[in-house]
Amino acid sequence: MDFALNSDQTMIRDTAAAFLADASSSAAVRAAMAGASGFDAKVWQTLAQELAWCATAIPEEYEGLGLACFETVLLAEQCGRFLLCAPYFATACLSVPVLLETGNAAACGRYLPQIAGGTLTATTALSATGLDWQPGKVAAAAIRQDDHYLLSGAYRQVIDAATAGLLLLPARLPGGETALFAVSATAAGLSATTHDTFDRTRRTGAVKLDQVRVDAGDMLACGEALDKSMQRACAGAAIALAAEQVGGAQACLDMTLAYIAERKQFGRSIASFQAIKHRCAEMMVRIEAARSAVHGAARQAATRPGDADLTLEAACAKALASDAYFYCAQESIQLHGGVGFTWEYDPHLHFKRAQAGGHWLGSSDELRERVAANLLGAI
Amino acid sequence: MDFALNSDQTMIRDTAAAFLADASSSAAVRAAMAGASGFDAKVWQTLAQELAWCATAIPEEYEGLGLACFETVLLAEQCGRFLLCAPYFATACLSVPVLLETGNAAACGRYLPQIAGGTLTATTALSATGLDWQPGKVAAAAIRQDDHYLLSGAYRQVIDAATAGLLLLPARLPGGETALFAVSATAAGLSATTHDTFDRTRRTGAVKLDQVRVDAGDMLACGEALDKSMQRACAGAAIALAAEQVGGAQACLDMTLAYIAERKQFGRSIASFQAIKHRCAEMMVRIEAARSAVHGAARQAATRPGDADLTLEAACAKALASDAYFYCAQESIQLHGGVGFTWEYDPHLHFKRAQAGGHWLGSSDELRERVAANLLGAI
Amino acid sequence: MSEDNAAFRAEISGWMQDNLQGEYQCLRHRGGPGDEDAHPELRKQWEQHLARARWTCVGWPEQYGGRNLTPAQQVIFHEEYARAGGPGRVGHLGETLIGPTLIALGSEEQKQRFLPGIVAGTQYWCQGYSEPNAGSDLGNVQTKARQDEAGGDWIVDGQKVWTSLAHESQWVFVLARCEPGSKGNKGLIFLLMPLDQPGIEVRPIKQLTGTSEFSEVFFDGARARNADVVGAPGAGWKIAMALLGFERGLSTLGQQAHFEHELQLVCAAAKANGAARNPMLRNRIAQAWMGLKAMRYNAMRMLATSPDGTVDGAADNAGLIAKYYWSNWHRDFGKLAADVLGFDADIASTEPALLRLQQVFFFSRADTIYAGTNEIQLNIIAERGLGMPKEARPAN
Amino acid sequence: MSEDNAAFRAEISGWMQDNLQGEYQCLRHRGGPGDEDAHPELRKQWEQHLARARWTCVGWPEQYGGRNLTPAQQVIFHEEYARAGGPGRVGHLGETLIGPTLIALGSEEQKQRFLPGIVAGTQYWCQGYSEPNAGSDLGNVQTKARQDEAGGDWIVDGQKVWTSLAHESQWVFVLARCEPGSKGNKGLIFLLMPLDQPGIEVRPIKQLTGTSEFSEVFFDGARARNADVVGAPGAGWKIAMALLGFERGLSTLGQQAHFEHELQLVCAAAKANGAARNPMLRNRIAQAWMGLKAMRYNAMRMLATSPDGTVDGAADNAGLIAKYYWSNWHRDFGKLAADVLGFDADIASTEPALLRLQQVFFFSRADTIYAGTNEIQLNIIAERGLGMPKEARPAN
């Protein structure tokens, strides 16, 4: 496994950075935050249709580019760096792996080409309450009737709940098994609301189902097969989220370096104080270590490792990246001093995003317990 | 509760410091470490008989000075600061509270005056394996025969096992209750060995009992009453140990400040580097916070709070002091650079003592769980 | 504790129970840091309600309207006030900072004119120290004051920043440079200025919380009467530092009672949502409890007065670490509160208790920045507490 | 992985299994940091055993006795060597530092004279860089070298310190000042000197572990032949820095395999004594595992060579953090190992696996000090990695 980027990968990264520096500038982010949908439809159109970002990891048979998890990670890192407000994560990083891993070819054929083409956004609900796969905590129920199911229930936290065109929703079958359904946002009986979240760069909301009719063909998978698929898909999503977090952490460090180089106190640039230098160095250490873990996990994921190994790779990447992000966001506020506490400067946007994402797809402590269980057995 | 020291207390502290600066200099500590007993008998004689340190917290009815836990804490802090090698902790800080709390007046009358007079040293075994009160883990058994008990069993870690004149040893009675016995070191069938420990400033050893005969009057307490007494006594001992640890942490900071003021690199005293200054400041913060916790706990203990409150006070003092001690010892080695890693300089003596004591009378995590159980209920 | 003190404790506790009722009930536990914009008008009424019962400025001499309470009694007052959920005091800058400064260093006329309004809870103050380029480096103050030769007034031009509660205050105390070309702590003046005048504009700063406890204050030909100079022109630094000396005072124990209340909210939230069964969170909650205990005992060491007059450095050491310790404790605690809430931390709660914890998470970010950043605190601890070398300050 | 590499991996793994047997069995996992005095004589025989199979200096060009392995193959070699429990290499300073330096910058005569002994595992080297007042500040080297005008030899006076394995070595490479009055990195010379001569005295330093892996080396009229100057007199700094550049190399992956073995020992100890059921220790063990994984991927980024020649800064960044990351990881890991052992950590264990963990606890304290202290590493990361201002160095 060689860890160098090839020239295609370098280009993907640099093109994304150049695009986002403009399309997701601080002003653009703040405009998106203030809007009802939470993102700029025009930016999304460019990104999803012209740049085909959602197509990256979709196989060519579904009209995607057929690239690996690693290329998604390169894009996600830039999205995190520039605080991109867009349905990219929920669509391309979460729901695409879910569709691919559950492996329902008809459903893939129906939805993936639209996603690859940038005409359909998607999201996935993972449990009744939060953003990790907990089939035991699914509060919705599905009952089969002839050629369709009727779904009722609720999901308290779903990313982009109110804007996604396609919702992948788990529900319990009468026998106790959990099944996953592809449901159109326009289905009668489905209602979604957006939460008043502190992190305004990515919306979450609640979804309610009241006797929603779903074609039997849109039941993607169920039972053990679903659980296994979802664990793999969530691992992929966690690696992408971790990449975002590494990008975010890098942005925190970069903006801090820029600020403290200019800011003078006691007649000196505060960047010249050794304690400040050491703290910036510590940020870099954590960022680079997390980046190594994320890149390593993404490269491993491309080799289709076993379920347990993939889960551990993702746990390592997400825990290190998530902790590094929060650490850097905190330090960024602190080292900006007074202005770090203002709405006007950007550190707080990262700070809020770091805290929110820290609990998605497993908190760092939960992920460490997954690793511990593997090394030491269950407690 | 006024936290200022009165003039008597200031004198106790300063006199102890002046005595130990000489009697427990680095050279004296190293001589004691190398000796078989682990301490200098002459220093002990001065301290226990002339200075009457062991008498401090013994009531006047048992020929002690009748002072409070707080004065013991002032002495213990200096002992820790100067790495005193002596049976002071096991005798005065651990076994005296055990004798007083178990409250067997006849036994107190027999042993406390000798301890107060400095002619008897004592220790207490707390469990079969380690140095915290775990009656469930007592592996010795006692059988009553007429006017005496026969004790058999083993204790793997006992402070000053091989030198204490009196050993307070728990053993299980046939009915399942645990009882505590006062056993003379010279009792037939009792054997003690000293461990090859890394911390050479305080010896621990193993004790074995093979049909040791103990007078019925030397059964100090048993069952629930014993458990309650031991929890109180261990809380007292933990506060004293915490005081030692605060003193040790202070010594680590002081020796580091002295070294880095002299040490030059890059043409400057390394004490002038801001990162070094901040790290020394961080040490001071942890030391002063721990000292506040220890002094507060000692002053509270003097008011005879309820069992639960006393346990929590002790937990807080010991956890903060223990963590501060290890932190400062680690920083002391680091900031000494190369010489911090040598046998010749003193940081490693504190480092080893900090690690060893960190697991006595509850590790910091165990103590925090005690607090959590109180705040949140058992897990 | 003496019997007197127990009776005094009971008196306050009883008064609070009887009075923080009815219309004031909704103020319980409100108005603390990060919550300053809660019911400002009602909290001003509460100040006056307190004043009528002589519960403002309790440590001040009786001649100035105080009760001349001993430090031990003041401790009790602040503890019981906070324990009862007494709301954040709108008048605290007057009571704890400028009032004591005027009592110590003000002219008789200044005392007569300002102290009664502070005691009565009718006159509110804010602080004009920090500037965009004089934050940690307060000696770099650039706001200018020049004397109008005609009337003797001082005319002030410049900008102050991080002024808390400026929009709720009538008066501001200002540190300005009155000797052109002077540098550092020389040539400064300490002025008392009414905010409601043409030359002063207050612009709220939107904070990361979305609220605006802090403001920028712009001075453009604003005026202070010559009688409103505290101390001598040119010697303002001495007054400014004396005032900061009052900052570290008894109210710290009241602050801790607020923290204790917040910790109770976290425990309740953890029990309610199951976080109380998570061993890592249990450990952190216990650590927070321990830190709070250490903070309390540290404050008592800091406030200790030796019964027989002996002095040791302990109180100084305890005082030196106090700000760094509580602010970092509170910032860590804010993170703990958010982690206990888990997923729900990101959704503005409709339950006041949970919303309060969310505010603590965000607002505690300011704790390690204002009133001396962490970095400044560590410098001070190293230099004053440990006698380490001062940072080299390059020649200007 | 290509088929070639898989075959190569199997070859080494098989060879190690077949050869680290019998008399060498007791060397498994021995002789690492903190364990350098384990079986030194037998480990020298093992070096020669390796050499006979051409498993020393595998990355060197074939003309100097190496195998000219690609970096990827070297990675595999070091991983499999360590995974099999291959003992700490007594010859590693020769193989990884002075050998590559001579190959790059030595004279032909020096190559001919020294490289064969290094390859054969018969000639051992130690490093004479640090001095009592030139630790972090290597440019402050004061050891003097003056040329004997008669024979051209260089006569050396001074003292080196923290020289590892001096008592097991025959040769030392020395950085000395050859231009009197010169300062910093100017006027230095890089000399190769035999240790066994009248002017050199080696005094072991007793470390906190009680053992003596490090020594002081005193030079009192010691001699180096003029032919044993590497590079030009006065330009020794260049050689010294080039040599340090070789330090951060492929052996890092072998080191990680040692760490992995230590982590396995901790897991086994935790399962045996019940610590594995302690949630806090589980969390820390998992964190250690994660850190090790990050370290491994970081090393692979550091060693990455882009397939199509594009270069980005990633490898540099990964390289900059490597030493700080592994040394702090290992120090924390040592503490974790001790905490897993609990009470028993303080009693020298009679079980080799547990004793090893006890050694790690103590010896890992040196990791954050030698080869650039934490403080120096953070300076370097800030200045080279982040472009932050250099520390002011006062004029001498």
Side-chain angles (χ1 to χ4, degrees), chain A residues 126-127 129-132 156-157 194-200 202 204-206 263-270 272-276 279 326 329-331 333-349 351-353 355-360 363-366 368-369 379, chain C residues 130 132-140 161-162 183-184 205-214 273 278-281 283-284 331-332 334-335 338-339 341-350 358 361-363 365-370 373-376 378-379 382 391-396:
Chain A
L126 296 170
S127 79
T129 51
L131 285 158
D132 53 353
R156 208 162 77 207
Q157 280 206 47
T194 299
H195 292 311
D196 178 14
T197 49
F198 294 104
D199 173 14
R200 306 297 294 159
R202 184 150 42 197
T204 62
R263 172 80 177 161
K264 286 191 177 174
Q265 291 277 280
F266 305 104
R268 295 161 58 175
S269 140
I270 62 174
S272 73
F273 285 95
Q274 196 196 27
I276 307 295
R279 283 164 58 184
F326 188 85
Q330 166 162 310
E331 284 289 78
I333 290 178
Q334 180 69 31
L335 294 177
H336 273 73
V339 301
F341 192 64
T342 61
W343 188 268
E344 183 188 347
Y345 282 72
D346 285 353
H348 75 101
L349 304 179
F351 180 75
K352 291 164 183 173
R353 188 157 164 145
Q355 178 65 21
H359 288 264
W360 295 2
S363 71
S364 295
D365 281 335
E366 288 161 351
R368 280 188 283 267
E369 179 50 36
I379 203 165
Chain C
S130 293
N133 289 306
S136 295
D137 185 10
L138 188 59
N140 197 37
V161 72
W162 313 123
K183 284 199 191 299
I205 300 170
K206 189 175 177 186
Q207 295 146 202
L208 63 79
T209 48
T211 57
S212 297
E213 282 79 8
F214 297 119
N273 77 0
N278 176 320
M280 305 303 295
L281 292 173
N283 194 280
R284 289 167 63 194
R331 193 176 70 167
D332 289 348
K335 169 70 168 149
D339 288 345
L341 298 180
F343 292 114
D344 293 332
D346 192 43
I347 305 172
S349 182
T350 51
Q358 293 174 328
F361 174 53
F362 294 115
F363 206 88
R365 300 289 130 190
D367 291 340
T368 55
I369 295 172
Y370 75 82
T373 63
N374 268 356
E375 295 70 29
I376 292 294
L378 291 174
N379 280 349
E391 277 304 300
R393 183 180 178 126
N396 272 16

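Proteins come first, then strands; the chains are lettered A, B, ... in the order of their sequence lines, and each starts at number 1. Computed from a prediction, not measured in an experiment: that's the story for all the values here.
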| said: Counting only non-hydrogen atoms closer than 4.5 Å, does A:Arg368 touch chain C with its backbone (N, CA, C, O), its side chain (CB onward), both, or neither? | reply: neither

| A:Asp365 versus chain C, the contacting section by heavy-atom distance below 4.5 Å | side chain

| request: Please work out whether the ring planes of C:Phe214 and C:Phe363 are parallel, tilted or perpendicular, with thresholds of 30° and 60°. | output: parallel

| task | Answer yes if the side chains of A:Gln355 and C:Asp339 hold a donor-acceptor pair under 3.5 Å, and no otherwise. | result | yes

Do you know which of [options] has the most heavy-atom pairs under 4.5 Å to chain C?
options: A:Ile270, A:Leu349, A:Asp132; result: A:Asp132
options: A:His195, A:Gln157, A:Gln334; result: A:Gln334
options: A:Phe326, A:Phe351, A:Trp360, A:Phe341; result: A:Phe341

| field | Electrostatic pair A:Arg156:C:Asp344 at N-O distance under 4.0 angstrom | value | yes

| message | Taking ring pair (Phe, Tyr, Trp, His ring centres under 6.0 Å) as the definition, give me every residue that meets it alongside A:His348, ordered by chain and number, with sequence neighbours left out. | response | A:Trp343

| A:Lys352 side chain to A:Thr197 backbone, donor-acceptor under 3.5 Å | no

Of the backbone (N, CA, C, O) and the side chain (C-beta and beyond), which part of [X] lies under 4.5 Å from a heavy atom of chain A, both, or neither?
X: C:Ile347; result: both
X: C:Pro132; result: backbone
X: C:Leu138; result: neither

| task | List for me each residue that meets side-chain hydrogen bond (donor to acceptor under 3.5 Å, both in side chains) alongside C:Thr373, sequence neighbours excluded, and say none if there are none. | result | C:Glu375

